[in-house]
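Each remark here refers to the structure printed beneath this line.
Whatever order the structure lists ligands and atoms in, that order sets their numbers, starting from 1.
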Amino acid sequence: MRVVRTRAEFAAARAQLPAPVGLVPTMGALHAGHRALLQAARDECAAVVTTNFVNPMQFGPGEDLAKYPRTLDADLAVCEDVGVDLVWAPGVEDVYPRGGATRVRIEPGPVGDLLEGAVRPGHFAGVLTVVGKFLNLVRPDRAYFGEKDYQQLTLIRQLSDDLDLGVVIVGVPTVREPDGLALSSRNVYLSPDERRHALALSRALSAGRDAAPQGALAVIAAATAELGREDGTGALAVDYLELRGTDLGEIPEHGPARLLVAARVGSTRLIDNVAVTL
Ligand code: PAF
């Protein structure tokens with residue numbers, strides 16, 4: 001496994017990789033969810049590249065950029081274990097040579113205004129811009145993203161389709177703790193008590209999914225009832241609970257849909273989602 005920092009080092013190492021190349025962009029703090037992304041790339045590609053970069057452009061003022069966990073040594077051990085070929089851990093100046101952002105940004109379309117986009121203005125423009133940069137710099141055949149960030153995955157699919165990037169975007173299922181909590185790099189912020197309250201999210205999604213044969217209203221009612229046990233108690237504050245089509249558009253009458261939730265538990269914001277079949 002090679003670990004490189006600068007653009008020039010990366011370009012030299014990238015030139016030696018066999019095709020097809022799989023890219024797993026990450027912000028580090030790797031957990032079993034990232035391991036699943038890396039493993040999927042390892043299983044399907046001749047060479048696996050991962051980027052390890054906490055992207056300032058996708059954090060809003062007052063968000064957790066400064067305290068976001070940075071664990072490069074542990075991340076490299078995970079990469080080595082999975083059999084990654086090339087890790088690129090650039091500095092901010094390598095990704096943004098003109099300062100901490102770009103002059104031109106990739107703006108998400110209407111899907112970017114919903115859900116997370118409504119609560120975190122500018123977040124998805126920051127995500128799409130850095131993902132667009134890494135897709136251009138790495139030129140992978142396939143790129144892997146978690147379903148845990150379902151809206152991000154949807155927007156990256158739209159980015160690739162709409163701008164004809166010619167890269168296959170692969171969505172990888174969410175990895176959960178045995179008690180249902182979706183793995184997230186932000187789970188490290190949770191106290192044991194907050195972690196217990198956070199389980200309301202996955203319980204609500206499971207309740208909604210189980211009610212899906214009875215239709216959309218039943219999904220929302222079941223999930224809301226489960227969240228209601230915690231919401232407003234001071235332990236958990238729900239930002240949204242929404243049922244949408246798999247493309248995050250209109251809810252279909254029958255067939256596959258997606259149930260998505262976001263809540264604040266203490267000062268930590270958590271998101272989760274699940275596939276439902278109406
Ligand atoms: O999902 C993430 O970790 C980030 O949003 C990504 C895709 C690596 C872009 O910074």
Assess the side chains of E63 and Y68: does a donor N or O sit below 3.5 Å from an acceptor N or O?
no
Enumerate the atoms of ligand 1 whose separation from the nearest heavy atom of T26 is less than 4.0 angstrom.
8 (C)
Using a strict 4.0 Å cut-off to heavy atoms of V130, name the atoms of ligand 1 that fall inside it.
9 (C), 10 (O)
May I ask you to identify the nearest protein heavy atom to atom 3 (O) of ligand 1, giving residue, atom name and distance to one decimal place in Å?
M27 CG, 3.6 Å
Closest non-hydrogen contact found for A262 with I271 is CB-CG2, 3.7 Å
Within a strict 4.5 Å, meaning less than it, do heavy atoms of the L241 and L259 side chains meet?
yes
Using the ring of F53 (Phe, Tyr or Trp, six-membered ring only), decide whether K133 places NZ or CZ under 6.0 Å from its centre and within 45 degrees of its axis.
no
Main chain of L165, side chain of S160: is a donor-acceptor contact present, judged purely on distance under 3.5 Å?
no
Do Q152 and ligand 1 have an N or O pair less than 3.5 Å apart?
yes
Nearest heavy atom to atom 4 (C) of ligand 1, choosing from K133, Q58, M57, belongs to Q58
Test of understanding: given a 4.0 Å heavy-atom threshold, classify the contact between I156 and ligand 1 as side chain, backbone, both, or neither.
neither
